[in-house]
2 protein chains.
Amino acid sequence: MTAYEIISKKRDGFELSEEEIGYMINGYAEGRIPDYQMSALLMAIFLRGMNKQETMTVTKNMLYSGEVVDLSSIPGVKVDKHSTGGVGDKVSIILAPVVAAAGVPVPMISGRGLGHTGGTLDKLESIPGFRVDYSIKEYKEKIARVGTCLIGQTPDICPADKKMYALRDVTATIQSIPLITGSIMSKKLAEGIDALVLDVKTGHGAFMQKHEDSVALAKQLISVGEAFGKPTVAYITDMNEPLGNAVGNWLEIVECIDGLHGEGPDDLMEVTHQLCGAMIYLGKKAASIEEGVEISKEMIRSGKAWDKFLEIAEEQNGDVDILKNPLRYPKPAFQAQVPAAESGYVASIHSLEVGLTAVTLGAGRQKADDLIDPKAGIVLHKKAGQAVEAGEPIMSVYTDREEVLKAAVERLGKAVAYSAQPVESKALIHEYLDKNSL
Amino acid sequence: MTAYEIISKKRDGFELSEEEIGYMINGYAEGRIPDYQMSALLMAIFLRGMNKQETMTVTKNMLYSGEVVDLSSIPGVKVDKHSTGGVGDKVSIILAPVVAAAGVPVPMISGRGLGHTGGTLDKLESIPGFRVDYSIKEYKEKIARVGTCLIGQTPDICPADKKMYALRDVTATIQSIPLITGSIMSKKLAEGIDALVLDVKTGHGAFMQKHEDSVALAKQLISVGEAFGKPTVAYITDMNEPLGNAVGNWLEIVECIDGLHGEGPDDLMEVTHQLCGAMIYLGKKAASIEEGVEISKEMIRSGKAWDKFLEIAEEQNGDVDILKNPLRYPKPAFQAQVPAAESGYVASIHSLEVGLTAVTLGAGRQKADDLIDPKAGIVLHKKAGQAVEAGEPIMSVYTDREEVLKAAVERLGKAVAYSAQPVESKALIHEYLDKNSL
């Protein structure tokens, strides 16, 4: 068996065996297979695809390249949520305390933002003092104590995926369903879950822009999760406009604080409650998803979720006082308004453009080692379907970079489409899938 | 413009612009583009293809990555022949003296053997003292003096192709028509030709095993040659069984000596005369290819080609005395016969198996830095269509490696198929193509 033969086989559209996939992934993780052979294989996989069995094997090899966390000593059904990412997607930060408050432990290893999408870790780190770099041992202790812990991928978790992801990122081989599936599921399976809820975004601000691709990805993810004996369900949700009103790290934390006080934007809370409901159901604290959604709402209404959030922040070294008094947070040096260009109704707000503009303001990264300004970002005052008067502020822009302000306002102005007639609001949650959908 | 964007574009099946192709090839040659991005692009090209314009641009960028030899000071139309390679293909060694003797200068930069196919340079170097490492300046002087010179690729010729070929060789991206075209044509255009004759082999001992692939490659080669203003014609010739009877470096030189004395095997001489005829015609020393073929035969009959061969050998430091007395050559330590398994007719001799077995005997390379034993090889006593008695020797095997002898004899035995009925002989030259075939 040689790397050359394995690359040729996939290049010609044949199925790779367990041994062949293992030979390449382990060889690459251990430095025996060079980058240039792995990237040729990745491109062949991208263009030729992989079947269910191969995807399963990719996941398994990535998973067992590192440590698999054992949370069996913690009572309860451990359930996590994974989102394929989008603009303004701060769901995890409301969801983790809600579900933990409902008695379902939430083990959560999250990622950072790259490109136009934000990352949960960057948002959390905008809270002064908040740490996401705990060891697996501390992570387990915190879940046992508080019911959840939100950390980043440690070097022990799926090192093969980490190395392959970095290579995919520079060889245009990210958007491959089997490779995305392996990458997502290996990390989720490594963090110690018993069940998983997926939020697969669709639309131009999402990773997968077409509905059918999102459904195909969701099915592969469910199929791998179930094959590992972990009940897995998925929602396909809309990412044509940003989720909620805030885009930018601290701005999103403020929106989460509002949300935990029952004052979050409707779209954000609709998605959050639905995902929480499914988690509470899978965590066996509700007899149905619908009942889970009711419990989720009750966790907000009763203040239990807010208390849990403060408990998490304290456990992870965050400044609880500033969460209680968010106006104390440092202010960005510059701000500007984006005026509505027309009177009528907002037809759409292009989430990809909003995400990319937020990066120029300092809210995200163009390169992996770029620094983030937690104060920078955008707040939307209107969303699709709402009535608007020409000239009224449709967005506010915050940044320390005076030089980018003008271009950002212009770009955001072009990201909005108007309609003279009322616009029918589109469904936010497109589809629910589980093992019965396969 | 980034490597990432260019890889994505080809990955998605779009045409690359001149700028994009230039950015990647020059960047790679100069070390700005890393191996792993080039190999992802190569696999995308392999699977998505390239159109005529892109193939032309690839060729141009490879060509101008190095020196382009100017032979305009040498009178006459300079014509070379290129073969895509096969088992027992020693045509160049008879052809160069024949065509040079006919008054057409032959600039010839050749390659080495790798895998199951032999290389002209290795064959020539089996002649004691024969040098193929002359500088471009010496190469030009020798062509002016003798009418031809056979050397290897210098570091100044197409360095981008050299680096890309080495990467393709380990990433399973060799057999791509646009990349093969770029690689062949850039080297041929760099050596100073005015016109070119191509021998595109087809069959299981060839680079392209299917007839339609060989035709597609021939058409791309002709199209690029003509676009550079160099009249280019191609023959599709058979490589299902070895060409001639000898396979192995010195053994093939002996067969060339026979051929130059009018005693070469029919199949070898048929292909050689046809290619020589086309070269003499393109070199304007004949009014038609048919007349060129007659001149080629006359060059052998008259002894002029043999005299030219000795002149070339002397010019390139070869031992002329041993060419006149080949029995003086050192003998391999071991030899064995392959007996015919059945009485009847030889139906076929599998050239790929013969080529691979010759490598085990020491006649070729498994890795680029393997040493070659010039004495090692195989002589076929029967070819497809000939009658045979069970037990009579069908091949002889020569090697210094006693330990491989038995396995080689067995493997060669299995490479022969028999028929009780007479076998219809297949056409050796399948097709002629030129610009009118495009």
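Below, chain A is the first sequence line, B the second, and so on; all start at residue 1.
The OG atom of A/Ser39 sits 8.0 Å away from the CD1 atom of B/Ile7 when rounded to the nearest 0.5 Å. Atom-to-atom distance recorded for A/Met43:CE and B/Thr173:OG1 is 12.0 Å, nearest 0.5 angstrom.
Pairing each heavy atom of A/Tyr36 with each of B/Thr171, the nearest pair is O-CG2, 3.6 Å. The two residues B/Arg11 and A/Leu47 come nearest to each other via the heavy atoms O-CD2, 3.3 Å.
Residue A/Leu167 touches chain B through its side chain alone, counting heavy-atom pairs closer than 4.5 Å. Heavy atoms closer than 4.5 Å to chain B are found in both the backbone and the side chain of A/Tyr4.
When A/Gln37, A/Glu5, A/Gln175 are compared by the number of non-hydrogen pairs under 4.5 Å with chain B, A/Gln37 comes out ahead.
Around the NZ atom of A/Lys52, the shell of radius 6.0 Å holds no more than 12 heavy atoms that belong to other residues, nucleotides or ligands.
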